[in-house]
Participant: 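Here it is, the structure, as structure tokens.
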2 protein chains.
Amino acid sequence: MEKISENKCFGGTQGVYSHDSQSTGTPMTFGLFLPEEAEDGAVPLLWFLSGLTCTHENAMTKAGAQAWAAEHGLALVFPDTSPRGEGVADDDAYDLGQGAGFYIDATEAPWAPHFRMESYILNDLSDQLFSDFPLDSDRQAITGHSMGGHGALTLAAKSPGRFRSVSAFAPICNPTESDWGKKQFTAYLGSPEAGRAHDATCLIRENDLDAPLLIDTGTDDQFGDLLKTEALAEALAARRAEATLRLQKGYDHSYFFISTFMEEHVAFHAEALWA
Amino acid sequence: MEKISENKCFGGTQGVYSHDSQSTGTPMTFGLFLPEEAEDGAVPLLWFLSGLTCTHENAMTKAGAQAWAAEHGLALVFPDTSPRGEGVADDDAYDLGQGAGFYIDATEAPWAPHFRMESYILNDLSDQLFSDFPLDSDRQAITGHSMGGHGALTLAAKSPGRFRSVSAFAPICNPTESDWGKKQFTAYLGSPEAGRAHDATCLIRENDLDAPLLIDTGTDDQFGDLLKTEALAEALAARRAEATLRLQKGYDHSYFFISTFMEEHVAFHAEALWA
């Protein structure tokens, strides 16, 4: 693992590191915020999965999450959204290929060799974090934005017992029925139907999420039609799931929306992580 | 004036606008955060002047200031740091020309026609803001980072009675004695000596700043030698000025440093603005 930078931030340290991932077969970069309390022992970890076109950097610099993580003594990890580099397949579209990994393991050419973001997050990055930093693997929570909200919901649904709480900002909720999903599942997995195992609405229709859930989505989200929030809302209500879905008046899809509600999301996770 | 974007943010609106400046002879872009209270009447205004290489966007997206401005019912304006465009003089160095206006009015070729950032801030942008938005011109405060900290200190010193409080993050304190200043004053004004009228330390040696002052600078600032904090510290103490200078252990020059202390700076200004 290579240290790229470390900056003191809210009494703790905002670091950026690079490491080799066996799953993606590439170097991967991630941001990690450690609160001051990490000097004295292991702290809980909140994962933040980012959206389309983002790297590890966007949420790390624009979401304002460190202020609240420091207040609650939590660490934050900001993974990249895909493998990158010259030897890695890509597409001209902003929503396929590099920057658009969708947090799944691709099975189809040309994506299969490197696009294995589910394994990267749950195995490689996880192993690196818990072996090299003072983090408590028994206290993990997960959140994310847009494609990263989809990632948070689906990785939590596929990993029972792993995350104590789950939240999302404007998540893609039902990608097998959306243009943010059908094309990608076809490319990465061979068909939209193969994406049902990685679709939050489909997963929650079949199984309970074994953790409390908080979702915020703006009523003026410019991508609202692509998110299919209504499908997940229906599924959660039908399932009588422990969940809070808030449609926030006037907010859109931007980081101005995310930063506005970050304090409440971090507090929500802190309650579960410190319980 | 043209609206470029408006995003709901912490209950208020983060806008970006473009307007023509008579002083610079160019279109200029600025960010303006209006808190929810602006719907009901004029609110106080805190100016944030940015540092070298920045546009209106950096602090607007990375300083986390809107959270605290919303809490205190303050507006925030984020001006650009220089005129820009093809017809505007520039230099290959990052610290001269476009992105490096130093908040002064240039008198020398090729800079004089457009590099008039002092007049732009104090006149053109100010006129536009107070005529087009619900802002209280009797309640203004000013802050900034690095070159923008120099701007905040010097514009306040040169405008007695205008700003009720002044603060700065890692300001350039004594540019006539620094490589962040000598080159620029020579280019824009003809000599480093001509810069004494625009040097915070020189100004404060001669006159009181008629407003309370708060400065934070990191002990690990990678540009610490260029800031000349010691000169301003000496001048403030010799003058028995109302001022707080904090050297913050372990912090550097980055936005991670700025965002850490933004809450306290906004609260400091709010106290003066609402008095």
Side-chain angles (χ1 to χ4, degrees), chain A residues 4-16 31-36 39 54 57-71 76 78 169-170 216-224 247-267, chain B residues 4-16 31-36 39 54 57-71 76 78 169-170 216-224 247-267:
Chain A
I4 294 175
S5 63
E6 286 182 346
N7 300 86
K8 192 164 177 182
C9 181
F10 288 96
T13 302
Q14 179 60 62
V16 177
L32 177 69
F33 172 74
L34 289 177
E36 194 170 11
E39 292 171 16
C54 290
E57 194 179 5
N58 303 62
M60 187 180 88
T61 58
K62 299 201 294 185
Q66 293 91 347
W68 318 117
E71 189 171 307
L76 299 166
F78 304 98
F169 300 85
D216 277 314
T217 296
T219 62
D220 287 13
D221 193 308
Q222 62 270 45
F223 303 109
L247 300 171
Q248 299 285 6
K249 186 176 176 184
Y251 287 90
D252 59 28
H253 204 69
S254 69
Y255 271 91
F256 297 115
F257 154 68
I258 299 173
S259 61
T260 298
F261 297 102
M262 184 57 77
E263 180 178 12
E264 293 174 54
H265 281 245
V266 174
Chain B
I4 294 175
S5 63
E6 286 182 346
N7 299 86
K8 191 165 180 182
C9 180
F10 288 96
T13 302
Q14 179 60 61
V16 176
L32 177 69
F33 172 74
L34 289 175
E36 192 170 12
E39 292 171 16
C54 289
E57 195 179 4
N58 303 61
M60 186 181 90
T61 56
K62 299 200 296 184
Q66 294 90 348
W68 318 116
E71 189 172 307
L76 299 166
F78 304 98
F169 300 85
D216 276 314
T217 296
T219 61
D220 287 12
D221 193 307
Q222 63 270 43
F223 302 110
L247 300 171
Q248 299 284 7
K249 186 177 175 184
Y251 287 90
D252 58 28
H253 203 69
S254 68
Y255 271 91
F256 296 116
F257 154 67
I258 300 172
S259 61
T260 298
F261 298 102
M262 183 57 78
E263 179 179 11
E264 292 174 52
H265 280 244
V266 173

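Just so we're on the same page: letters track the sequence lines, and every chain starts at 1.
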Participant: Could you pull out the closest heavy-atom pair between B:Ser259 and A:Phe10, with the gap in Å?
Facilitator: O-CZ, 3.1 Å
Participant: Are side-chain heavy atoms of B:Tyr255 and A:Lys62 found at a separation under 4.5 Å?
Facilitator: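 Counting from C-beta outward, B:Tyr255 and A:Lys62 never come under 4.5 Å.
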Participant: Tell me the closest heavy-atom pair linking A:Lys8 and B:Phe256, and the distance in Å.
Facilitator: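 Heavy-atom minimum between the residues: O-CB, 3.8 Å.
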Participant: For the backbone of A:Asn7 and the side chain of B:Tyr251, can you confirm whether one donor and one acceptor N or O come within less than 3.5 Å of each other?
Facilitator: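 Checking the backbone N and O of A:Asn7 against the side chain of B:Tyr251, no donor-acceptor pair under 3.5 Å is found.
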Participant: Side chain, backbone, both or neither: which part of A:Glu263 has a heavy atom under 4.5 Å from chain B?
Facilitator: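 When you check distances to chain B, no heavy atom of A:Glu263 falls under 4.5 Å.
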Participant: Give, for atom CD of B:Glu6 and atom CG of A:Asp220, the distance between the pair rounded to the nearest 0.5 Å.
Facilitator: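 Rounded to the nearest 0.5 Å, the CD-CG separation comes out at 12.0 Å.
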Participant: Check each atom of A:Met60 against the heavy atoms of chain B and say whether the ones under 4.5 Å are side chain, backbone, both or neither.
Facilitator: both
Participant: For B:Ser254, which atoms come within 4.5 Å of any heavy atom of chain A: side chain, backbone, both, or neither?
Facilitator: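 Answer is side chain: those atoms of B:Ser254 sit under 4.5 Å from chain A.
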